[in-house]
Amino acid sequence: INAEKMLDESIDKEVQHADLYYMAGETKRLLGKLQIAEKYLLRSMQFEYHSPFVYQSLALTYVDLENYFRAIPLLKHFAKFQVTFGNFGVNLCRQPSTEVLFELGKCLSKVQNYVEAAEVLTRALDAGPP
């Protein structure tokens with residue numbers, strides 16, 4: 001809640017930075033405040049340089065809102081990257097993460113795209129544990 005308050009205060013002071021809106025959006029999403037989370041995450045994406053994690057966070061917001069058609073393209077975009085945490089921070093590689101593939105597969109099945117869902121879930125299983 002303190003993080004939420006600090007982020008809200010920064011936004012109220014009209015601080016303009018993609019990461020601020022991403023962190024505020026992700027915080028709101030985790031707190032279940034999905035409409036404002038969507039607003040902040042979309043704002044983050046308007047900046048020329050923004051975190052690739054915005055795609056995942058916005059997709060998960062749409063999953064929570066049961067708007068799978070909006071979540072799917074965002075998950076597909078984020079699935080282009082494998083996120084790893086190393087000694088020097090976050091690295092993005094060209095291998096999709098298992099978690100993202102499973103989430104994408106679930107969304108595809110929710111919209112009755114069973115063939116693509118099966119393909120994506122098979123890729124997730126082949127990739128092994130995260």
Side-chain angles (χ1 to χ4, degrees):
I1 304 289
N2 288 336
E4 179 187 25
K5 182 180 176 187
M6 289 176 18
L7 292 165
D8 286 343
E9 287 172 358
S10 295
I11 288 172
D12 289 344
K13 292 178 184 176
E14 298 185 18
V15 174
Q16 297 296 310
H17 196 282
D19 288 344
L20 170 63
Y21 285 95
Y22 161 66
M23 289 186 291
E26 178 65 0
T27 300
K28 298 293 185 183
R29 182 184 74 80
L30 293 171
L31 292 172
K33 300 175 181 180
L34 302 176
Q35 310 303 356
I36 193 77
E38 177 187 24
K39 175 184 169 186
Y40 287 160
L41 294 166
L42 287 170
R43 177 68 182 108
S44 177
M45 292 174 82
Q46 291 176 345
F47 288 87
E48 182 176 0
Y49 300 106
H50 55 270
S51 169
F53 292 100
V54 175
Y55 297 96
Q56 180 184 31
S57 187
L58 186 56
L60 294 176
T61 300
Y62 289 137
V63 168
D64 290 343
L65 290 168
E66 298 181 1
N67 191 338
Y68 305 109
F69 287 104
R70 293 189 86 181
I72 289 169
L74 295 164
L75 287 168
K76 285 182 177 181
H77 182 77
F78 189 71
K80 295 177 185 175
F81 303 98
Q82 166 68 45
V83 181
T84 59
F85 297 91
N87 293 335
F88 300 104
V90 177
N91 301 309
L92 294 175
C93 308
R94 284 292 193 189
Q95 175 100 17
S97 73
T98 305
E99 295 94 350
V100 172
L101 291 174
F102 274 119
E103 197 63 48
L104 177 56
K106 290 190 307 187
C107 287
L108 288 165
S109 69
K110 292 280 189 180
V111 299
Q112 300 180 353
N113 187 342
Y114 301 118
V115 172
E116 190 176 359
E119 291 170 0
V120 169
L121 291 170
T122 299
R123 283 178 50 208
L125 291 171
D126 290 345

Approximate separation, where rounding is to 0.5 Å, of [X] [atom1] and [Y] [atom2]:
X	Y	atom1	atom2	answer
Glu116	Leu121	CD	CG	10.5 Å
Glu103	Leu108	CD	CG	10.5 Å
Lys39	Lys28	NZ	NZ	10.0 Å
Tyr40	Leu7	OH	CG	9.0 Å
Leu74	Leu41	CG	CG	10.0 Å
Leu104	Asn113	CG	CG	9.5 Å

Next on the checklist: Under the criterion side chain to side chain contact (heavy atoms under 4.5 Å, CB included), I'd like the reasoning laid out for Tyr114 against Gln112: C-alpha separation, chi angles, the key distance, then a yes or no.
Outcome noted: CA-CA 5 Å; Tyr114 301 118; Gln112 300 180 353; 3.3 Å; yes
Answer yes if [X] and [Y] sit in the same cluster of Ile, Leu, Val, Met, Phe, Trp and Tyr residues linked by side chain heavy atoms under 4.5 Å apart, and no otherwise.
X	Y	result
Val115	Leu125	no
Val100	Val111	yes
Tyr21	Leu30	no

Next on the checklist: Assess the residue pair Met45 and Tyr22 against the criterion (side chain to side chain contact (heavy atoms under 4.5 Å, CB included)); give the C-alpha distance rounded to whole Å, side-chain angles, the decisive distance to 0.1 Å, and a yes or no.
Outcome noted: CA-CA 8 Å; Met45 292 174 82; Tyr22 161 66; over 6 Å; no
Can you give me the closest heavy-atom contact between [X] and [Y], atom names plus distance?
X	Y	value
His17	Phe47	N-CZ, 3.6 Å
Ala124	Leu101	CB-CB, 3.6 Å
Ala37	Gly25	CB-O, 3.3 Å
Leu75	Cys107	CD1-SG, 3.8 Å
Ala117	Gly105	CB-O, 3.5 Å

Checklist entry - Mind checking what makes side chain to side chain contact (heavy atoms under 4.5 Å, CB included) contact with Thr122, not counting sequence neighbours? => result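 Asp126.
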Item to check | Residues Lys5, Asp12: salt bridge by 4.0 Å N-O rule | outcome: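 Result for this pair is no, no salt bridge flagged.
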Item to check | Partners meeting ring-ring contact (aromatic ring centres under 6.0 Å, His included) with Tyr55 (sequence neighbours left out) | outcome: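 Here the qualifying residues are His50, His77.
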Contacts under 3.5 angstrom, residues 56-68 side chains, donor-acceptor by atom type, not counting sequence neighbours:
{"residue": "Ser57", "atom": "OG", "partner": "Glu26", "partner atom": "OE1", "Å": "2.3"}
{"residue": "Thr61", "atom": "OG1", "partner": "Ser57", "partner atom": "O", "Å": "2.9"}
{"residue": "Tyr62", "atom": "OH", "partner": "Glu38", "partner atom": "OE2", "Å": "2.8"}
{"residue": "Tyr62", "atom": "OH", "partner": "Arg70", "partner atom": "NH2", "Å": "3.4"}
{"residue": "Asn67", "atom": "OD1", "partner": "Arg70", "partner atom": "N", "Å": "3.3"}

Checklist entry - Does some side-chain heavy atom of Asp19 sit less than 4.5 Å from a side-chain heavy atom of Tyr49? => result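 The answer is no, as the side chains (C-beta and beyond) never meet within the 4.5 Å cut-off.
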